Amino acid sequence: MTARTVGDVAALRDLPLEYPVFVETGALAALGDVVHAFAPAHRIGIIADATVAQAHGDAIRASFGGMRVDLLTVAPGEQEKTRERWAQLTDALFALEFGRDSTIVAIGGGVVCDLAGFVAATFMRGVPIVQVPTTLLAMVDASVGGKTAVDPPAGKNLVGAFHNPKAVLIDPLMLRTLPASVLRAGLAEMIKHGVIADAAYLEAILHALPEIALRGADSEALPSLVANSVRIKAAVVAEDTREDGLRQILNFGHTIAHAIERLVDYQVSHGEAVAVGMVVEGRIAESIGLAKPGLALAIADSVRRAGLPTSIDGLSLRPELRSRVSPLAVVRATRGDKKARGGLVRYALPRQVGEMEAAEGAWSVPVLDEVVERALA
Ligand code: GLY
């Protein structure tokens, strides 16, 4: 593969972000030039998912021409998103004599985006990062918006920092090497974007689902849907970078999802957990009178059509983990959520498809545990 230049690759136009987001089939060949243009540095450290490095390592190196790059790999899986792995990666950079004039390039799914992002946010008090998401979920969510984190035992993403990338490079071709289940996980976040912000976008996703199921990563609809999701996310994070208010709507479905993930030690797909979380939280919105009856069913229908589970029973879980996710256990596990205030867990909830409850600028509402337990049952 020959290297391409930044000028050859399309960036999304008119994004309200300080950094460009490139979305184009084959864009990986321009990675070296993107780094050179937006995050030039003396040393380049690539932190990549080990499977991705195996599949795309040659293409990644080729994009940098003859320039030296150091490749550090991370085994796949949420269990890698720990303080220990953050410390190891940081120490590896020190061992390689990286200094302040370094750029980190994250290449992988959500775990690598978050973990490498936190390494970059903290190394020498912060060095630039370029995000190269390789899963659908990371393309439409984790790579954009500057959230970085690791998972301490107390819960998911509870230690982290905001650290915007210098550029995001999305190459839909990289989805080709992934199993269908990983593609479906990304659809959950895209459905979320439709529910929280744009009913017509949700319709467009539903319309495209049969073609996506048939053609997978080669779907013709996928690149423009990814672009649409990035636009929705960009609009939200541009208005509220540090999640003081509006950005909480991106958490729709996630309060329940994070609780489930933690209870099963992250041995569940994030996308599946979010799919179930959206249905449950839709039910909560109905039961406290924010949404009209029918919303949760509409969300469940979308989720089902994407091949995702609508209830805890439908999660792809090893049998020995099932007993851990009773409604009561899930309610208890929500108490560590980042949105909890004064002992009450708060939820970002939809009023209808395409519109979230503003709660007078708070964008989340406190919900009693009994209500949540009933919605889970
Ligand atoms: N993934 C949710 C957010 O970026 O705020």
Side-chain angles (χ1 to χ4, degrees), residues 12 15-19 21 78 81 106 108-118 120-121 129 131 133-151 155-165 168 170 185-198 201 226 228-262 266 269-278 281 334 336-340 345-350 356-359 361-364:
L12 294 183
L15 278 192
L17 298 174
E18 288 159 9
Y19 47 92
V21 179
E78 187 78 27
K81 221 176 98 180
V111 168
V112 169
C113 291
D114 287 2
L115 176 65
F118 192 48
I129 183 158
Q131 292 280 5
T134 60
T135 62
L136 190 54
L137 193 145
M139 290 176 184
V140 299
D141 187 28
S143 62
V144 177
K147 275 189 180 175
T148 75
V150 292
D151 304 334
K156 187 162 168 158
N157 296 333
L158 293 185
V159 173
F162 290 98
H163 188 60
N164 273 330
V168 179
I170 298 175
L187 292 172
E189 295 285 358
M190 293 163 76
I191 289 171
K192 179 193 80 178
H193 288 142
V195 175
I196 66 172
D198 188 343
Y201 175 50
V226 168
N228 214 333
S229 264
V230 170
R231 285 187 197 288
I232 289 172
K233 176 145 191 192
V236 173
V237 301
E239 202 166 310
D240 175 23
T241 307
R242 297 186 67 86
E243 201 170 303
D244 296 321
L246 178 70
R247 187 166 180 167
Q248 290 177 74
I249 69 174
L250 293 170
N251 263 290
F252 171 56
H254 284 61
T255 309
I256 295 297
H258 287 169
I260 294 171
E261 289 178 275
R262 186 172 153 229
Y266 305 100
S269 134
H270 178 64
E272 286 198 8
V274 169
V276 172
M278 289 193 292
E281 294 183 19
T334 59
D337 188 82
K338 291 193 291 305
K339 294 185 297 306
V345 182
R346 301 180 67 95
Y347 288 77
L349 295 172
M356 294 296 277
E357 167 62 30
W363 294 98
S364 63

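Numbering starts at 1 and runs along the sequence shown. These numbers come from a predicted model, not from an experiment. Note that ligands are numbered from 1 as they come in the structure, with each ligand's atoms numbered from 1 the same way.
- A search for salt bridge (Lys or Arg N to Asp or Glu O under 4.0 Å) contacts involving K147 returns E243, not counting sequence neighbours.
- Under a 3.5 Å cut-off, the side chain of R247 and the backbone N or O of T241 do form a donor-acceptor pair.
- Using a 4.0 Å cut-off between charged side-chain N and carboxylate O, E189 and K233 make no salt bridge.
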Which protein N or O atoms sit under 3.5 Å from any N or O of ligand 1? Give atom names and distances.
residue, atom, partner, partner atom, Å
ligand 1, 1 (N), D141, OD1, 3.0
ligand 1, 1 (N), D141, OD2, 3.2
ligand 1, 4 (O), K233, NZ, 2.6
ligand 1, 4 (O), R247, NH2, 2.8
ligand 1, 5 (O), K147, NZ, 2.9
ligand 1, 5 (O), R247, NE, 2.8
ligand 1, 5 (O), R247, NH2, 3.4

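- A distance of 4.5 Å separates OG1 in T255 from CD in E281, rounded to the nearest 0.5 Å.
- Remark: the backbone N or O of D114 is not paired with any side-chain donor or acceptor of K81 at under 3.5 angstrom.
- In summary, the side chains of H254 and Q248 do not present any donor paired with an acceptor at a separation below 3.5 Å, with no hydrogens or angles considered.
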